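Chain letters run A, B, ... following the sequence lines, proteins first, then strands; residues in each count from 1. Bear in mind that the values here come from a model prediction, so they are computed numbers and not experimental data.
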Amino acid sequence: MASRTFAGSLLLLSLPALAAFSTPALVPARQPKHGMQKQVEVRRVACGAAMQSSSGGNQDIFDVATLIGASLARPGAGAFVAGYRAEPAQDYKNPTMDLPIREFSETLPSFRPAKPLELYEYEACPFCRKVREALSMLDIDVIVYPCPRDGVCVHLSIPLSLSLSLLVNVAWEYCTHLTQPLSRSFHTQARATATW
Amino acid sequence: VTIMGGKSQFPYIVDPNTKFSSFESDRIIRYLFQTYGDGIVPLPLALGPLTTTSAALASAFRAGKGRQAKSDLPPPPAQPLELWSYEASPFCRVVREQLCELELAHKVVTVARGSSKRQQLVEIAGKMQVPFLVDPNTGTEMFESADICSYLARTYGPGSSRVSPPAPAPADWQDETPSADAEVEDAEKEVRFLPLSTSPSL
């Protein structure tokens with residue numbers, strides 16, 4: 001309950017910021033170059049897109065509000081690399097702003113994983129968000145295989161050896177959580193009831 | 001593989017470099033910072049239940065978007081898409097929701113503040129703006145979350161054939177198909193490259 005009121009107040013707070021962000025919704029994605037016929041066709045394409053997508057298309061003001069609210073709920077997490085530092089540097093062109101400021105990470109090693117990591121997740125899951133934030137902070141590229149509810153999850157081609165090690169992993173985690181009930185998170189509880 | 005079925009068993013991560021794999025988000029985060037960082041989990045991720053609650057609050061704002069797969073999806077494209085984004089950006093989130101609901105595998109190139117890959121994006125795309133989507137299946141590159149979402153729905157959404165965008169429009173007016181003639185494509189690029197002010201560079 002408390003979190004819901006908090007969410008509502010956040011939403012209200014973020015409303016004034018919307019004017020700046022809502023303009024792109026009014027800008028047509030494509031503009032016809034010449035001829036009435038093409039205009040009509042473009043409009044038809046646009047209509048088709050709108051019919052096909054229930055949540056896609058132009059972002060309306062409510063979408064933008066909730067999106068900003070979602071980002072405000074995790075202030076700053078996943079926005080900066082770990083060990084972020086900015087310092088003035090002459091003759092340096094910052095890719096983000098027009099200022100001679102060099103932004104870099106003090107702590108991240110220069111090497112990155114040779115192969116991108118693979119993450120099976122879905123967007124709305126808070127635990128997945130934590131992991132994605134960590135990946136953003138560590139500046140690691142990842143291949144995401146979305147596994148939403150009721151999806152077919154076509155990506156799940158896990159080799160047998162891996163699935164066996166997986167089972168061991170899960171069993172081990174379950175056992176450690178049994179012995180440490182205090183450290184048991186909501187997530188593992190839910191998983192434990194679902195799996196075992 | 002059946003243990004992957006339940007909704008509460010995500011995230012699941014595989015690191016092909018070290019053969020690490022885990023379901024447990026806190027364990028994953030610890031592993032990531034130990035392997036690819038300085039070993040110290042930063043404060044926003046180290047608050048235990050508070051971290052999880054605020055992350056859940058973020059999802060609550062979006063009222064279940066990015067949770068449920070769309071029904072009647074065509075078969076997936078051959079190659080994963082590529083999305084340049086970072087976690088905190090609100091406009092990247094809406095694109096990720098769409099990718100998730102359409103079950104499109106995609107490579108996320110993380111460009112948080114301070115990332116050296118920001119310079120790469122400027123070299124590739126001409127400016128630093130996220131989200132930036134690259135679709136190798138159709139040769140598409142685009143900015144703007146609203147455009148990306150409608151493109152995804154049109155190309156990979158329910159009822160589309162995945163091979164070509166919807167039938168009514170003639171070939172040269174289909175959005176960002178490789179067959180579109182160069183002149184039109186240039187014009188479209190110009191339109192898209194206008195400063196539309198969605199650049200969420202915090």
Side-chain angles (χ1 to χ4, degrees), chain A residues 24 29 31 33 41 44-45 48-49 52-53 56-59 66-71 73-74 77-82 84 95-96 103 105 107 113 115 117-124 126-134 136 138-139 141-143 145-146 148-151 163 190-191 194, chain B residues 1 6-8 10-17 25 28-29 32 36-38 44 52 54-59 61-62 66-69 86-88 90 96-97 100 103 105 107-110 112-115 118-119 122 128 146-147 149-150 153-154 157 166 168-169 187 191 196 198 201-202:
Chain A
Q31 281 167 358
K33 214 167 64 162
E41 282 159 4
R44 204 188 302 157
V45 172
Q52 278 175 28
S53 64
N58 288 338
Q59 258 103 65
T66 51
L67 283 167
I68 292 173
S71 286
R74 301 280 301 147
F80 298 91
V81 292
Y84 172 84
T96 317
E103 296 172 288
S105 163
T107 54
K115 296 180 200 158
L117 276 62
E118 292 159 25
L119 179 63
Y120 298 81
E121 53 115 43
Y122 62 95
E123 180 63 30
F127 306 97
C128 306
R129 183 178 171 109
K130 281 158 64 178
V131 173
R132 292 195 309 264
E133 280 173 4
S136 269
L138 292 169
D139 204 19
D141 294 349
V142 61
I143 300 180
Y145 297 97
R149 212 179 276 176
D150 295 342
S163 55
R191 203 193 59 223
Chain B
V1 180
K7 61 120 190 163
S8 47
F10 299 108
Y12 169 61
I13 201 165
V14 179
D15 186 348
N17 306 288
S25 61
I28 295 171
I29 290 168
L32 287 174
Y36 299 114
D38 56 356
T52 311
S54 57
L57 181 61
S59 298
F61 265 114
R62 296 298 294 154
R67 178 188 298 275
Q68 190 87 20
Y86 60 96
E87 188 55 34
R96 290 196 310 265
E97 283 168 358
C100 179
E103 293 195 72
K107 181 181 176 188
V108 173
V109 186
T110 49
R113 286 294 287 271
S115 166
R118 292 202 157 207
Q119 195 60 52
V122 173
M128 171 56 220
D147 291 354
C149 284
S150 67
R154 209 163 53 235
V191 171
L196 294 181
T198 12
S201 43
L202 294 173

Considering non-hydrogen atoms only, spot the tightest contact between A:Y120 and B:F10 and give its length.
O-CD2, 3.3 Å
Looking at B:A56, B:S59, B:C100, which makes the most heavy-atom pairs under 4.5 Å with chain A?
B:C100
Residue pair A:L117 / B:P16: nearest heavy atoms and the distance that separates them:
CA-CD, 4.1 Å
Show the nearest heavy-atom pair for residues A:F127 and B:P11, with the distance to one decimal.
CB-CD, 3.7 Å
Contact leader toward chain B among A:I143, A:V142, A:D150, where contacts are heavy-atom pairs under 4.5 Å:
A:V142
Heavy atoms only: give me the nearest A:D139-B:S115 pair and the separation to one decimal.
OD1-OG, 2.9 Å
Residue among A:R74, A:K130, A:R129 satisfying side chain to side chain donor-acceptor pair (under 3.5 Å) with B:S54:
A:R74
Atom OG in B:S25, atom CD in A:E121: separation rounded to 0.5 Å?
12.0 Å
Examine distances only and state if a side-chain atom of B:T110 and a backbone atom of A:S136 form a donor-acceptor pair shorter than 3.5 Å.
no
Side-chain donor/acceptor of B:N17 to backbone N/O of A:K115, under 3.5 Å
yes
So which heavy atom on A:Y122 is nearest to which on B:G66, and how close?
CD1-O, 3.6 Å
Would a distance-only check, ignoring hydrogens and angles, find a side-chain to backbone donor-acceptor pair under 3.5 Å from B:R113 to A:Y84?
no
Name the region of B:L32, side chain, backbone, both or neither, that has any atom closer than 4.5 Å to a heavy atom of chain A.
both
Between A:R132 and B:R96, is there a side-chain heavy-atom distance shorter than 4.5 Å?
yes
List in chain and number order the residues that pass salt bridge (charged side-chain N to carboxylate O under 4.0 Å, His left out) with B:E97, two or more places apart in sequence or in another chain; answer none if no residue qualifies.
B:R62, B:R93
Using heavy-atom distances under 4.5 Å, tell me whether B:V122 contacts chain A through its side chain, its backbone, both, or neither.
side chain
Is it the side chain or the backbone of A:A77 that comes within 4.5 Å of chain B heavy atoms, both, or neither?
both
